[in-house]
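Below, all heavy atoms of this structure are taken into account, side chains as well, without hydrogens, waters or symmetry copies. In each ligand, atom 1 is the first atom listed, and ligand 1 is the first ligand listed. This one's a predicted model, so the numbers in the text were calculated from it and none came from an experiment.
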Amino acid sequence: VERFASYDDLHLLVQKYIVRGEEPRTIELHTGIDGRVWSLNGEHFRACKPVGSEEYLGMECRTGEFDISIDVMGSYVIEGGTIEDHRLRCEDREMIHEYSIRISPEKPVTLIQYVSVFTSNDTEDPKKSARETVRRAQRLGYQVLKDEHKKRWDTVWDVSDVRIDGDIFSQAALRFNLYQNIIATPAHTDTLPIGARGLSCQAYQGAAFWDQEMFNMPMFLFTQPEVARNILTYRYKTLSGAREKARNLGYTGAFYAWISGKTGEELCPSFFFKDVFTGRPIHNHFNDWQIHVSPDIVYAIKLYYEATGDWEFIVRYGAEIIFEVARFLWSRAHFKKDKNRYEIIRVLGPDEYHENVDNNGFTNYQCRFALSFAESVYQRLKKENPSEYYLVAEKIGLEGTEVDDWCDMQRKLYLPEPDPHNRIIEQFDGFFDLEDTTPEQLERRILDNHEYWGWPNGIAVETQVSKQADVIQLMNLHPLFEKKVVRANFDYYEPRTQHGSSLSPSAYAIAAARIGYIEKAYTYFKEGTTIDLWSTAKAESGGTFIGGIHTAACGAAWQMIVFGFAGMRLAEDELIFEPVLPELWEKVSFTLFYRGNRLTVSFTKESMYVTAYEENPDSVDVRIGCNIVKIGPGSHEIVQYGDLRL
Ligand code: IFM
C-alpha cells in the first residue's frame, strides 16, 4: 500500500494497493466512501447523499452545525487480475464498489484511487471542483502526482530539516515531529487555525489553543516566515470573536478564545471533564479564566517582528490586536489601592490543575510584556505611520487616556519576584502553603485511572503538584531570569511537575539545556519527541477523549533543538547562541531565516559553524558565547568554544 495526501494539490488524496497471490485465488475488494462521521456533538453530517456512476463515486454532505457543504469524489482504476463480479452497494451513507477478482502469482491486481474533497469554505461549487480535481488526477496518473507531491515536500524539507549526527533514533523521532507540525499547519491560508490535536481528536475540534503561537509557530517563524505571518494573521481575522468573548464576560478589548476555530468564537465548553465517580460534569474554567492566551498572542507577534523586521505586519494587523489585548488586560486587572498595585486575580496559568488562582507569575509577566509592547507600538505607529495610526485608533475608538492607563498598569502590575533567599518564584499566591508532595506520591491516592486530577476536587488541587511547566515556561520565554534563578526554580518545580500535558517535557528540556543539565535535557527531548511515536500521553481524562496527535509537542521538538541545545535567543539586532550537545550526539545542523537572510547553523561539542547564503541582502550579527561575528552574504564563520562560554 502506498498513499499520500498531496502536498502539491491540497484537495487530492491518492492511494495505490497492489495485491499479489501466492497461489491462484479469488479475492474480495471493497472500496468506496463512508459518510458515517461522528463528532463531539453527535452525527457530524445533517445530510449525506451518495451520488455516483461506474466511473465516479461521490458523497454530498452538509454539516449539522454550520451547514457547510462537503463534497467527496473518487475514481477507481483497477489493473491486472480478472474481475469476476462487480456490485455497487449504495446505502444510506455509504457508496461501495465490491469486486470479486481472480488473482494469481503472475497476475497481481493493482487498485489506484484518486479522491478529492472540497467544501463550501473553499469554493462556490465544491462538487464541480472535486470532479475536476479527480479528472485531472486521472489524466496525470499516479506517478506524476507522486512526483509533484515529492517535489513540493523536498522544498519544505530543504528549509525545515534538522540533522542530528550520532543518534539515529533521535534523528528519526525528531523528523517525525517536524513532519507532524508541518502537516497540522494550514500553511496555505491565513483563515484557519492549527488544531491542538491536528484533525485527530473530536474533543479539540481541529481548533487552536495558546499552543499555536507558543509551540507550533516558532518553527515556521525561522524556517518559513510567511507561514508564521499567516498563523498570526488568523488571529487578526478572528478578532471579532475575541472582542465578543470579552464583551460577553463584561470586559473591553479582545479576550481570545481558549479553543478557537475558524470564526474565533469560544468553542471550549464550560463542562469539559466529568467526575468519573458520580458521572456529573465538572464546570472547568479553561474558557473564561485562562486569560494568558491573549498576551501570549502579543508575545508571538513581538517575536515575529524581532525575527523578521516586518513592521508592515504590525501596521496592518498587529497593532489592532495588540491594542485590543492591552485594553482587555486593563479591564481584567484589579487595582488594589491599599497596595498601590494592579493584580490579576481568578485565573488559570499553564498548570491547569489549579483554577481560580491569583497572580499566577506566568500570566502576570506575560501581561506586563504585552502592555509594554503595546506602549512602544503605540508610540512608533503614531510617529512613523500617523495616517495608519489614525485609522486604527478611529476603528477601535482608542483614546489617549487608555494608553496612559496601560502604561500605569505596566508600571504597577504586581510581578512575583524570585525569593531573595532561595531564588524561587511562587507559581501563584499561596502556592507554597499547599501540601508539598510529588506526583508519584499522589498517584497512590488514585481510585480510578481516569479520574481528573484538577479543579475543583481532584487529588492535585490542594497540593503543589503542577500538571505542566508553569514557572519554567515563564523563564523560557523571558531570558531576564539569570541562570542561577532558573536552576533554583528547575530544582524546585521539576519534582513537583507531573508532565500531565504534552506541552511540559519540551519546556523542561529547553530550560535544562540552558542551565547545563545536558543529559536531563536529552531525557526530556526523548520524552517530548516520543509522545505520539510511542503514544505515551493519556488518551482519556475525566471521561473525555483527549488523544490524537499532540501538535504542540511536535512543534516544540524543533524548539528543543534550536532554543534548547543550540541555545538560540534574539537580542536587539543579533542572534545569540549558547550551544551544548548531549553525550551521544556528534553534530546538529539546521537552516534559519532571520530578517530576510538565510543561514545554515551546525555545531559540535567543540565549535559552531554558521554559513550565510550568497543571496542574503545583509550581514547578520551572531554572538556565540562571548564572541561576536558578523556574517556577510556568502561567507561563513567557525567559532571554537574554547573558554568562550558565557
Ligand atoms: O493548551 C493545552 C493546555 O496547556 C494543556 N491541556 C491541553 C491543551 C491543548 O494542547
| query | Taking the six-membered ring for Trp, is the centroid-to-centroid distance between Tyr522 and Tyr517 below 6.0 Å? | reply | no
_Salt bridge or not between Lys274 and Glu451? Use side-chain N to carboxylate O under 4.0 Å._
no
With the threshold set at 4.0 Å, does a side-chain nitrogen-carboxylate oxygen contact exist between Glu226 and Arg229?
no
Close residues (non-hydrogen atom under 4.0 angstrom from ligand 1) work out to Ala196, Arg197, Tyr204, Phe209, Trp210, Asp211, Trp258, Glu352, Lys467, Gln468, Ser501, Leu503
Exercise. Between Asp358 and Arg346, does at least one N-O distance fall below 4.0 Å, as a salt bridge requires?
Worked result: no
Report task. Check whether the side chains of Thr119 and Asp122 place a donor and an acceptor atom closer than 3.5 Å, and report yes or no. Result -> yes
Problem set entry | Under-4.0 Å salt bridge between Arg496 and Glu494 | no
